[in-house]
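Read the structure below first, then the notes.
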Amino acid sequence: MTKKTMKIRALTEGAILIAAATVLGYFRIFRFPFGGSIDLALAPILVYCLRWGPKYALMCCLVNGILQYFLGGGIAISWQSMLLDYVLAYTLVFLCGFGAGKKWGWLWGTVLGSFGRWVSLTLSGGLLWYMYMPETFFGMPMVNPWVYSALLNGTLVVAVMAVDLAALGIMQGVPALRKLVLAKQGT
C-alpha cells in the first residue's frame with residue numbers, strides 16, 4: 001500500500017468512525033444529573049486509535065471533540081469550558097493510540113486515553129464549574145472544588161471507560177473481530 005493510499009484510507013476510516021461515534025452519542029445508557037452521560041460514543045474512536053496509532057488518532061480525536069460539542073448538545077459556560085470539556089478532553093483520547101499493536105494495548109491504551117480525558121475534565125471543573133459544586137457529594141461534605149471535580153469526573157470517566165472496555169473486550173475476544181477491527185494499520 002502506498003503512502004498516499006494509506007493516508008486516504010486513514011482519513012476515510014476516521015470519517016466513518018467519527019460519524020459512528022456521533023450517532024452512538026445519541027443513544028445514552030445513563031445520563032448523570034450534574035452533566036455527562038454513559039454511551040458507546042467513544043468506542044469507535046478508541047478502535048480508530050488502536051488501528052492507526054497516535055499520529056493519525058490525534059486529528060481524529062480533535063475533530064470528534066469539536067463535533068461532540070456542536071452535534072451532541074454540548075453545554076459550556078464559556079469558550080474555555082468548551083475547549084476543556086470537549087475539544088481538549090476528546091483530543092486527549094488520542095493517547096489510546098500508543099497501545100496500537102502492543103500486547104494488551106486495547107486495555108491499557110483505553111485506560112491511558114480515559115486518563116487524559118479525566119485530566120482535562122477535572123481542570124475544567126476546578127477552574128470553571130466550581131460555583132455549581134453541591135454541599136455534599138457521595139455523602140461527603142464538599143469544600144474543595146478540585147476534590148469535587150476529580151470525584152465527579154472520575155465517576156463519569158470510569159463508567160464510560162468500563163462500557164468501552166467491555167465493548168473492546170468483546171471485539172478482542174472474538175478472533176475474527178480482533179483481526180478485522182483491532183488490527184493495527186500502517187505505520
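Because only heavy atoms are used, hydrogens play no part in the values below, and waters and symmetry mates are left out as well, while side chains stay in.
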The complete set of ring pair (Phe, Tyr, Trp, His ring centres under 6.0 Å) pairs with one or both residues in residues 155-180, sequence neighbours excluded, reads none
Is the shortest heavy-atom distance from the side chain of Arg117 to the side chain of Leu92 under 4.5 Å? no
Measure across Leu177 and Met171 and return the closest heavy-atom pair with its distance rounded to 0.1 Å. CB-O, 3.5 Å
Would you please name every residue forming a side chain to side chain donor-acceptor pair (under 3.5 Å) with Asp164, sequence neighbours left out? none
Can you give me the closest heavy-atom contact between Gly116 and Leu95, atom names plus distance? CA-CD1, 4.1 Å
Should Leu127 and Trp129 be regarded as members of a common hydrophobic cluster, given that ILVMFWY residues are connected when their side-chain heavy atoms come within less than 4.5 Å of each other, either directly or indirectly? yes
Within this structure, what is the CG-CD distance for the pair Leu50 and Gln185, rounded to the nearest 0.5 Å? 11.5 Å
Check the pair Ser37 / Arg28 against side-chain hydrogen bond (donor to acceptor under 3.5 Å, both in side chains), numbers first and verdict last. CA-CA 6 Å; Ser37 61; Arg28 294 182 172 95; 3.2 Å; yes
Kindly write out the residues that satisfy side chain to side chain contact (heavy atoms under 4.5 Å, CB included) with Phe30, not counting sequence neighbours, or none if the list is empty. Phe32, Ile38
Tell me, yes or no, whether the heavy-atom count around Lys102 atom NZ, taken from other residues, nucleotides or ligands under 6.0 Å, exceeds 12. yes
To the nearest 0.5 Å, how far apart are SG in Cys96 and CD1 in Ile45? 10.5 Å
Distance check, rounded to the nearest 0.5 Å: Phe27 atom CZ versus Leu24 atom CG? 7.5 Å
What I'd like to find out is whether the side chain of Cys49 reaches to under 4.5 Å of the side chain of Cys61, using heavy atoms alone. yes
Do side-chain atoms of Thr122 reach the backbone of Val119 as a donor and acceptor pair under 3.5 angstrom? no
On a heavy-atom basis, the closest approach of Pro44 and Leu17 is CB-O, 3.5 Å
Side-chain donor or acceptor of Ser120 paired with backbone N/O of Leu84 under 3.5 Å: yes
I need the Met142 CE to Leu152 CG distance, nearest 0.5 Å. 10.0 Å
For Arg9, the salt bridge (Lys or Arg N to Asp or Glu O under 4.0 Å) test, sequence neighbours excluded, returns Glu13
CG on Leu151 to CG on Leu156, rounded to 0.5 Å: 12.5 Å
Below 30° counts as parallel, above 60° as perpendicular, anything between as tilted: where do the rings of Trp52 and Tyr56 land? perpendicular
Would Ile16 end up clustered with Met6 when hydrophobic side chains under 4.5 Å apart are linked, directly or stepwise? no
Of all heavy-atom pairs linking Leu62 and Thr91, the shortest is CA-OG1, 3.3 Å
Does anything in residues 138-153 pair up under side-chain hydrogen bond (donor to acceptor under 3.5 Å, both in side chains), and if so which pairs, sequence neighbours excluded? Ser149-Asn153
Shared hydrophobic cluster, Trp108 / Phe115 (ILVMFWY, side-chain heavy atoms < 4.5 Å): yes
Please tell me whether Leu71 and Tyr90 are part of a single hydrophobic cluster in this structure, the criterion being side-chain heavy atoms less than 4.5 Å apart. yes
Test your reading of the model: is there a side-chain donor-acceptor pair from Tyr69 to the backbone of Asp85, 3.5 Å cut-off? no
Restricting to non-hydrogen atoms, name the atom on Leu165 and the atom on Trp106 that form the minimum distance, rounded to 0.1 Å. O-CZ3, 3.7 Å
Contacts of type side chain to side chain donor-acceptor pair (under 3.5 Å), residue Arg178, not counting sequence neighbours: none
Identify the two heavy atoms, one from Gln68 and one from Ala41, that lie closest to each other, and give their separation to 0.1 Å. NE2-CB, 4.3 Å
Are Leu11 and Leu58 connected in a single hydrophobic cluster, I mean Ile/Leu/Val/Met/Phe/Trp/Tyr linked by side-chain heavy atoms less than 4.5 Å apart? no
What distance do Leu168 atom CG and Leu40 atom CG have between them, rounded to the nearest 0.5 Å? 9.5 Å
